[in-house]
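Encoded as C-alpha cells, the structure appears first; notes follow it.
Below, chains carry the letters A, B, ... as their sequence lines are ordered, and counting in each starts from 1. Worth knowing before you read on, the calculation uses all heavy atoms, side chains too, and leaves out hydrogens, waters and symmetry mates.
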Amino acid sequence: MSSKVMVSTHLNGQEVTFLCEPRQTLLEVLREELGLTGSKEGCGNGNCGACNVLLDGVLVNSCLVLAVETDGRTVTTIEGLTPPDRLLPLQQKFLEHAALQCGVCTPGFIVSAQALLEQNPQPTEGEVRRWLAGNLCRCTGYDKIVRAVLDTAQSLAGDPAQDSAKEVGR
Amino acid sequence: MHAFEYVAPHSVDDAVTLLQESGDAQVLSGGTDLIPQMKEGRRRPPLVVDVKHIPELNELVYDPVEGLWLGAAVPCHRIVGNGAIARAYPGLVEAISLIGGIQIQGRATVGGNLCNASPAADSIPALIAHRAVCHIAGPKGPRTVPVEDFCTAPGETVLEPGELLVKIHVPAPPPNHGGAYQRFIPRNEMDIAVVGAGAALVLDERGQVIQQARIALGAVAPRPLFVEEAGAFLAGKPVSEEVLEEAARLAREAARPITDMRGTAAQRKHLSHVLTRRVLIQAVQRARGEEAGRRNGHV
Ligand code: FES
Ligand code: FES
C-alpha cells in the first residue's frame with residue numbers, strides 16, 4: 001500500500017492542498033475528495049470528454065491525469081469556468097438550442113467549447129466538430145450542440161458588450 | 001487502479017537510476033496510454049516515474065539547418081501549434097495531429113506514442129519516412145536508434161531495463177522536400193488507423209526527378225513497417241504515374257497484415273496500395289510547392 005502524498009494545486013483561482021494516493025486520478029480527487037462533482041465520469045479512459053478540465057490552460061481529460069501530477073499546477077474545472085449566479089453566453093445558447101437532454105456530457109462540452117472560443121472566437125462548423133470530436137453525447141445527436149456553439153460565437157461577435165461576459169469572473 | 005509509488009525526477013540521470021533500481025517501473029509522460037492500461041490492470045508497475053519535469057524531455061527546438069529536436073515528453077499540442085515546425089514538416093505534423101482528439105493532444109506525447117509501440121501508432125510511419133532517430137539514455141551511457149528499429153513487437157521496444165527515451169531528432173528538410181501521412185479510419189475523427197502510410201521524398205531542383213524517398217506503413221505488421229525497397233525503387237526515377245504506382249505496389253507486397261476487428265488482411269493490403277499512392281502524390285505536390293489547402297485531413 002503506498003502512502004498518501006501532499007499535493008498543492010491552484011484550483012479554480014484558489015490554492016488548494018489535499019492528500020491523495022498516487023493511484024488516484026484528478027477526476028476521482030475532484031469528485032470524491034474535493035466535492036467538485038461538475039466533472040463527470042463517462043468512460044474513465046479518455047474517450048468521452050465528460051471529465052474535461054483545463055490543466056495549465058490546456059484542455060485535458062481529468063480521468064487521464066494522476067492527481068499527484070497537478071502539484072504546483074493550475075487546474076480549472078467547470079465550477080471555476082462558470083459564474084455561480086448567472087449563465088455564460090455559451091450555457092445560455094445550450095439552453096436555447098436544447099443542446100442537452102440528460103446533461104451528463106454537458107459540463108465536458110462547455111469546458112471544451114469555451115476553450116475553443118477563447119482561442120478561436122469565430123470557428124467554422126468543421127472546426128467546431130473537429131474540436132468537439134473527443135466529447136461524446138448519447139442523447140442529442142450533436143447537431144444542436146454544434147449549433148449552440150456556432151450561435152454563441154456569432155452573437156459574441158455581433159455584440160461587443162458581451163465580450164467581457166466571456167471572460168470568466170468579471 | 002493498483003497502488004504504486006510516484007516519483008518525478010528532475011534529471012535524466014536520476015530517472016535512469018530510478019528505472020534501473022526498480023526494474024519494472026513504468027515511465028509516465030502524457031499518460032494517455034499508461035493510465036488506461038493501469039486502470040484495466042494490463043500494467044501493474046510498483047513505481048511510476050513521471051518524466052515531465054526533466055528539461056531535456058521538454059525540449060522542442062527547430063532550426064532550418066540542425067533540424068528538429070523533439071523531447072520525449074513534449075505534448076502533441078505544442079508541436080501542432082508551432083507554425084515553423086508545421087511548415088517544415090507538414091506530413092509529420094499531420095500524423096501527430098491525428099493522435100486522439102483535442103484533449104488527448106493536450107497530454108499525449110510522440111515519445112509515448114513510440115514507447116507504447118502500437119503497430120497502428122500514427123506518428124511512427126511519418127517519423128520513419130522523415131529519417132527520425134531516437135536518442136536514448138541508460139545505465140551504459142547514451143545511444144541512438146533509428147525510429148524504424150525502435151519498435152520490436154506490439155508493445156515492445158529496444159529499450160533495455162533502465163533505459164529512457166530522451167528525445168527524437170528529425171533532420172532538416174532539404175530543398176524540394178515533401179512529406180505526407182494519411183490513414184484510413186471508418187469514422188471522421190478519433191479512431192485507430194486501419195492502415196496508415198507515411199512518405200517523404202526529395203526532388204531535383206526542376207521538380208521532375210525523385211532523388212530519394214522513404215515510405216513506411218502502420219497497422220500492417222507487428223510493428224510499424226519501413227518499406228525500404230519502395231523508396232529505393234523511386235530513387236533516380238522521373239516522377240510519373242507509373243513509377244508512383246509501382247512503389248505503391250511494392251508497399252502492398254511488403255504489407256503483412258492480419259484480420260482483426262478493424263479490418264481484414266485483404267482490405268489492409270488494398271489500403272496499403274491506395275494510401276501509399278496518395279501520400280506519394282501529396283509528397284510530390286508539396287515538394288513542388290503546389291499543394292492547395294488540405295490540412296489535418298480536412299477540406
Ligand atoms: S471520463 Fe474521462 S474521458 Fe470519459
Ligand atoms: S445530453 Fe445526455 S449524453 Fe449528452
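Of the listed residues (Lys52(B), Met38(B), Glu40(B), Gln105(B)), the greatest number of heavy-atom pairs within a distance under 4.5 Å of chain A belongs to Lys52(B). Chain B forms the most heavy-atom pairs under 4.5 Å with one residue out of Asn135(A), Leu59(A), Leu116(A), and that residue is Leu59(A). Among Ser112(A), Ala115(A), Cys63(A), the residue with the largest count of heavy-atom pairs under 4.5 Å with chain B is Cys63(A). Of the listed residues (Ile35(B), Val48(B), Asp50(B)), the one with the most heavy-atom contacts under 4.5 Å to chain A is Ile35(B). Options Asn45(A), Asp56(A), Val58(A), Leu55(A) differ in how many heavy-atom pairs under 4.5 Å they form with chain B, and the most are formed by Val58(A).
Heavy atoms closer than 4.5 Å to chain B are found nowhere in Val5(A), neither backbone nor side chain. Contact of His53(B) with chain A is not made at all, since no heavy-atom distance falls under 4.5 Å. Heavy-atom distances place both the backbone and the side chain of Leu66(A) under 4.5 Å from chain B. For a residue to count as touching a neighbouring chain, one of its non-hydrogen atoms must lie under 4.5 Å from one of that chain's; by this rule Asp71(A) does not touch chain B. Using a 4.5 Å cut-off between heavy atoms, Glu69(A) contacts chain B through both its backbone and its side chain. The part of Asn52(A) that comes within reach of chain B is its side chain, from C-beta onward, which places non-hydrogen atoms under 4.5 angstrom from that chain. Proximity to chain A is limited to the side chain of Leu28(B), based on heavy atoms less than 4.5 angstrom apart.
Arg31(A) has no carboxylate O lying under 4.0 Å from a charged side-chain N of Glu41(A), or vice versa, which leaves the two without a salt bridge. The pair Lys93(A)-Glu96(A) counts as a salt bridge, with a side-chain nitrogen and a carboxylate oxygen less than 4.0 angstrom apart. A salt bridge does not link Lys4(A) to Glu33(A): none of the charged side-chain nitrogens sits closer than 4.0 Å to a carboxylate oxygen.
Between Gln267(B) and Arg262(B), the shortest heavy-atom contact is OE1-O, 4.1 Å.
Taking the six-membered ring for Trp and thresholds of 30 and 60 degrees, His130(B) and Tyr89(B) have ring planes more than 60 degrees apart, a perpendicular arrangement. Note: Phe94(A) and Phe109(A) have tilted aromatic rings, judged against thresholds of 30 and 60 degrees for the angle between ring planes.
The SG atom of Cys115(B) sits 10.5 Å away from the CG atom of Asp33(B) when rounded to the nearest 0.5 Å.
Arg138(A) places no side-chain N or O within 3.5 Å of a backbone atom of Val104(A) that could act as its donor or acceptor partner.
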